[in-house]
Amino acid sequence: MEKILVIGAAGQLGSELTKSLSDLYGGEQVIATDLNESARSKFDYCKFEVLDIMDKEAARKLVKSENVKQIYHLAAVLSATGEKNPLFAWDLNMDSLLFVLEIAKEFKLDKVYWPSSIAVFGPNTPKVNTPQYCVKEPNTVYGISKQAGERWCEYYFQKFNVDVRSLRYPGLIGYKSLPGGGTTDYAVDIYHKALAGEKFNCFLREDSYLPMMYMPDAIKATLDLMHAPTDTVKIRSSYNLSSMSFAPKEIYQSILKHIPDFQIEYKPDFRQAIADSWPDSIDDSHATKDWGWQPEYDLDKMTEDILKNLPNYKF
Ligand code: NAD
């Protein structure tokens with residue numbers, strides 16, 4: 001049976017994407033992999049293997065023995081964590097992507113998915129309605145690795161016909177797992193604090209606008225792109241993707257409608273500089289035109305859904 005391999009499956013995105021893939025294709029067709037044995041308990045609906053993607057021999061063996069035909073490569077060091085150890089972030093983010101692209105070429109895989117990020121943009125990028133094609137001078141190691149990764153994806157598509165597809169996700173907000181060290185993590189943490197009846201210390205300024213997306217929309221976009229006919233996928237670096245854009249003061253107001261005594265204090269830290277270098281909002285018209293992208297959630301609809309579901313969620 002042909003299999004789908006998810007690398008970095010236990011993270012914020014992988015936890016939800018792996019479940020959707022299993023629901024769609026059947027758990028027996030999906031192999032979730034991550035660094036630690038402790039992640040196994042999350043994956044009672046599909047196969048789980050411990051895999052460090054830097055262990056190339058083990059990864060190659062798994063791809064061969066399981067007849068893997070698609071890879072979703074999600075393992076990465078994220079923006080805020082990357083700044084604490086830039087060379088490690090570069091090594092993991094770049095080396096693992098190049099290895100996955102090589103594997104795709106060698107084993108003639110059907111498709112590869114690799115996420116990019118709005119971190120590819122930088123301080124000289126137009127901030128409002130940021131176009132698909134524009135100046136990109138990222139100033140975080142994470143952004144530099146995503147930008148280089150996009151070029152490698154296009155290169156492997158052009159030179160070796162590797163069917164690799166990618167989205168520049170905005171900040172992803174989900175309630176089913178905790179975020180992994182990004183600059184937009186505040187927009188996940190704020191719901192946990194609001195529901196715990198605690199005051200929230202926000203590490204960004206109240207007026208710091210960033211593009212964001214609720215996880216169900218991110219999963220939908222990913223699967224829509226992966227299911228799109230090959231010739232409709234015109235962009236092989238990475239697609240701009242957007243659904244909403246808000247500042248901390250607006251997500252706070254959205255939560256106040258449900259929890260009127262919730263309190264917030266703004267204490268910007270080193271992540272403010274990263275946020276300041278990123279766009280306020282994104283033009284994703286290529287995704288709409290090429291494969292019909294349409295988001296479903298705005299800020300208030302997302303808040304309602306999270307506050308309804310989070311209290312009952314078991315991590
Ligand atoms: P995360 O940090 O929550 O999860 C990453 C997972 O990769 C973790 O479970 C980690 O254990 C695993 N991992 C780390 N090193 C590994 C290795 N060597 N081998 C195997 N697994 C390893 O990250 P996420 O938020 O789920 O992000 C997934 C992808 O989406 C990343 O490529 C990230 O850059 C991209 N992305 C995320 C966001 C966001 O807001 N979360 C935004 C834009 C892009």
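In this text the structure is predicted, and so the values were computed from the model without any measurement. What's counted below: heavy atoms across the whole structure, side chains too, no hydrogens, waters or symmetry copies. Atoms within each ligand, like the ligands themselves, are counted from 1 in listed order.
- Protein heavy atom at the shortest distance from atom 43 (C) of ligand 1 is Y169 CB, 3.4 Å.
- Protein heavy atom closest to atom 40 (O) of ligand 1, with residue, atom name and distance, is L172 N, 2.9 Å.
- Below 3.5 Å of separation, one finds no N or O of H73 facing any N or O of ligand 1.
- The single protein non-hydrogen atom nearest to atom 41 (N) of ligand 1 is Q12 OE1, 3.0 Å, given as residue, atom name and distance.
- Atoms of ligand 1 lying under 4.0 Å from any heavy atom of D52, numbered from 1 in the order shown and given with element: 17 (C), 18 (N), 19 (N).
- Looking at Q12 and S177, their side chains never bring a donor and an acceptor atom within 3.5 Å of each other.
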Next item on the list: Quick one: do I235 and N240 satisfy side-chain contact (heavy atoms from CB on, under 4.5 Å)? Show the steps, please.
Entry: CA-CA 10 Å; I235 294 174; N240 272 11; over 6 Å; no
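- Heavy-atom contacts of A76 reach the following atoms of ligand 1: 31 (C), 32 (O), 34 (O) (cutoff under 4.0 Å).
- Taking each of P115, S116, P170, P179 in turn, the one with a heavy atom nearest to atom 44 (C) of ligand 1 proves to be S116.
- Using 4.0 Å as the threshold, W114 has no heavy atom nearer than that to any atom of ligand 1.
- Residues P279 and T130 approach most closely at CB-OG1, 3.1 Å, considering heavy atoms.
- Contact annotation for L92 and ligand 1: only side-chain heavy atoms (C-beta onward) come within less than 4.0 Å of the ligand.
- Using modelled atom types, one side-chain atom of T18 and one backbone atom of G14 make a donor-acceptor pair closer than 3.5 Å.
- Taking distance alone, with nitrogen or oxygen atoms compared against 3.5 Å, L78 stays at or beyond that limit from ligand 1.
- With ligand atoms numbered from 1 in the order given, ligand 1 contributes 40 (O) to contacts under 4.0 Å with heavy atoms of G171.
- Side-chain atoms of I173 and Y191, non-hydrogen and from C-beta on, do get closer than 4.5 Å to each other.
- Under the 4.0 angstrom criterion for non-hydrogen atoms, G182 is not in contact with ligand 1.
- Summary of contacts: the protein heavy atom closest to atom 6 (C) of ligand 1 is G8 O, 3.6 Å.
- Note: the hydrophobic cluster containing I282 also contains L210 (ILVMFWY, side chain heavy atoms under 4.5 Å, direct or indirect links).
- L92 and V50 are members of different hydrophobic clusters when ILVMFWY side chains are connected at heavy-atom separations under 4.5 Å.
- With hydrogens left out, the protein atom closest to atom 20 (C) of ligand 1 is L51 O, 3.2 Å, a heavy atom.
- Under the 4.5 Å side-chain heavy-atom criterion for ILVMFWY residues, a single connected hydrophobic cluster contains both I31 and W114.
- Within the cation-pi definition used here (under 6.0 Å to the ring centroid, within 45° of the axis), K19 qualifies as a partner of Y45.
- Counting heavy atoms from C-beta outward, R205 and Q272 have side chains that approach closer than 4.5 Å.
- The shortest N or O to N or O distance between D34 and ligand 1 is under 3.5 Å.
- Closest to atom 29 (C) of ligand 1, if we only count protein heavy atoms, is L74 O, 3.3 Å.
- Between L178 and ligand 1, no pair of N/O atoms sits closer than 3.5 Å.
- Of all protein heavy atoms, the one closest to atom 36 (N) of ligand 1 is Y142 OH, 3.6 Å.
- Contact annotation for V77 and ligand 1: no heavy atom of the residue comes within less than 4.0 Å of the ligand.
- Contact annotation for K146 and ligand 1: only side-chain heavy atoms (C-beta onward) come within less than 4.0 Å of the ligand.
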Next item on the list: Could you please spell out the steps behind the side-chain contact (heavy atoms from CB on, under 4.5 Å) verdict for K105 and Y156?
Entry: CA-CA 8 Å; K105 179 178 136 200; Y156 269 73; 4.1 Å; yes
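- Between L13 and ligand 1, a contact under 3.5 Å exists for at least one N or O pair.
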Note to self: Is there a side-chain contact (heavy atoms from CB on, under 4.5 Å) between K111 and V164? Walk through the geometry before answering.
What the structure shows: CA-CA 6 Å; K111 281 177 211 167; V164 53; over 6 Å; no
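- Ranking protein heavy atoms by distance to atom 16 (C) of ligand 1, first place goes to L35 CG, 3.5 Å.
- Going from atom CD1 of I264 over to atom CZ of F262 covers 6.0 Å, rounded to the nearest 0.5 Å.
- For ligand 1, the atoms sitting less than 4.0 Å from at least one non-hydrogen atom of A75 are 7 (O), 13 (N), 16 (C), 21 (N), 22 (C), numbered in the order shown with element in parentheses.
- The distance from atom CD1 of I4 to atom CE of M226, rounded to the nearest 0.5 Å, is 8.0 Å.
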